[in-house]
Number of protein chains: 2
Amino acid sequence: MRHVSYHHGNLREALVEAAVELGRERGPDGIVIREVARRTGVSHNAAYRHFADRDELLHEVTQVGLDGLSAAMLARVKRVRVKDPVERARRRLREVGKAYVDYALAEPGLFAVAFSGPSFGDLTGPYQHLTDALDECLAVGYLPPAKREGAELTCWAGVHGFSMLHSTGPLRDVPRRQRDADLGRLLDRLDEALRA
Amino acid sequence: MRHVSYHHGNLREALVEAAVELGRERGPDGIVIREVARRTGVSHNAAYRHFADRDELLHEVTQVGLDGLSAAMLARVKRVRVKDPVERARRRLREVGKAYVDYALAEPGLFAVAFSGPSFGDLTGPYQHLTDALDECLAVGYLPPAKREGAELTCWAGVHGFSMLHSTGPLRDVPRRQRDADLGRLLDRLDEALRA
DNA sequence: CCTCTATGTGGACGTTGTCAACATAGAATC
DNA sequence: GATTCTATGTTGACAACGTCCACATAGAGG
């Protein structure tokens, strides 16, 4: 579907797509307006008809990254096939955490973009999946009511820190085996912290 | 102490100092060679006699940031005045975590630089303080031996995630009161996770 | 006094974000 | 169908950046 007209048709989407690809490949600093335009086959200034500035384009990529994260979490939660309600709730919470880390490791560029200021996207989606999992743990009686408050932040901080350190951080060269074992332990500790 | 000679005398240190100040004020992207030179009162190219490129200068700032973090941790640990060995060990571990987060919040720019690739500094210092605190918890019998392995990462991930989210991340506008309460809860959960 | 080397300067190039002026396609109006 | 309007793309410019090269100079050692 090559366009031939002067007007592109849906340049905005094409630009976002190219920007996402750049973010995926090179992280936040790799999202460069002129390169985005080049890849879209359009002049270096065309993007300014659709985005006020670079930050606005970056913001779009941020949102795509967060949406991907949210989708990954949901997919993993839905795949849980455990009958026992308590075990199912625990397992779902664990899958939420795993999905978070897996996404950060599978898409380090987009993950970095998603959490690189100055304007953050809407993290309602990912946050809601975490909240839902915790609510379920509470409902089935696994999570004591006294521990419900602030539980989101405890979990989020843990998996976010793990993700940051391993995706683009100082632990990025830790071999996969050990990383998996470490993540398993971290999730075990979070589970214990909420249960105890 | 104005220099008058053509040669500066200790330009390298002066450049690092200016770069640190820029990093403190504006974060990693704010460390700009030409601005560093300007603030040091030398030509835009002078830095290349002391650093191969921008990354090498950035790396110096990274190390300064990590040294500051290490010093902050040590200072807080040394101030603990608890007699009971078990309580002292617990308290020291908690202070290590608090120091980490406090530093990240007090110096968001330097903290961001310290954990911004591509080359990371030597985090032996900070890591050692955490290891020491955990070893002490083990020695006094508070931390069960089975939980000792990987305990560093559990703690580090938690405080690092909390720091990232609150210093320059999406939770940076959370009011101080709530942030403090949230940190308290996080440290409580970590304590429980290691004890249980 | 002379030369050598380390260190700082000046100017250049290519890249970036962004602005202003211009051009054109497609829709709206007559 | 011809004309005007507006949304959308293009061209050219500017300043700031990292970096390279040629040059200048200070201070040390002969």
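In what follows, chains carry the letters A, B, and so on, assigned in the order in which the sequence lines appear, proteins first and then strands, with residues in each chain numbered from 1.
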Could you please name the option among [options] that lies closest to any side-chain atom of [X]?
X        : options                   : value
Asp53(B) : dT19(D), dC23(D), dT18(C) : dT19(D)
His50(A) : dG17(C), dT19(D), dG9(D)  : dG9(D)
Ile33(B) : dG9(D), dG17(C), dT19(D)  : dT19(D)
Asn45(B) : dG11(C), dG8(C), dC17(D)  : dG11(C)

| Hey, does Arg38(B) reach any base, or is it just sugar-phosphate, or nothing, if we go heavy atoms under 4.0 Å? | sugar-phosphate
| With a 4.0 Å cut-off on heavy atoms, is Arg54(A) in touch with a base, just the backbone sugar-phosphate, or nothing at all? | sugar-phosphate
| query | Would you call Arg79(B) and Glu95(B) a salt bridge, using N to O less than 4.0 angstrom? | reply | no
| request: Given side-chain contact (heavy atoms from CB on, under 4.5 Å), test Phe162(A) with Leu187(A) step by step and report yes or no. | output: CA-CA 10 Å; Phe162(A) 188 96; Leu187(A) 296 176; over 6 Å; no
To the nearest angstrom, how far is [X] atom [atom1] from [N] atom [atom2]?
X        : N       : atom1 : atom2 : answer
Glu56(B) : dT19(D) : CD    : P     : 11 Å
Leu57(A) : dT16(C) : CG    : C1'   : 14 Å
Leu22(A) : dT16(C) : CG    : P     : 11 Å
Phe51(A) : dG17(C) : CZ    : P     : 14 Å

| request: Would you sort out whether Asp191(B) and Tyr142(B) count as a side chain to side chain donor-acceptor pair (under 3.5 Å), showing the intermediate values? | output: CA-CA 10 Å; Asp191(B) 180 84; Tyr142(B) 183 72; 2.8 Å; yes
| field | Residue met sooner reading DNA chain C from 5', once Arg49(A) and Arg34(A) are mapped to nucleotides | value | Arg34(A)
| said: Reading DNA chain D from 5' onward, which residue's closest nucleotide shows up sooner: Asp55(B) or His44(A)? | reply: His44(A)
| message | Looking at Arg12(A) and dT8(D), is any side-chain donor or acceptor paired with a base atom of the opposite kind under 3.5 Å? | response | no
| field | Ring geometry between Phe115(A) and Phe111(A) (parallel below 30°, tilted from 30 to 60°, perpendicular above 60°) | value | tilted
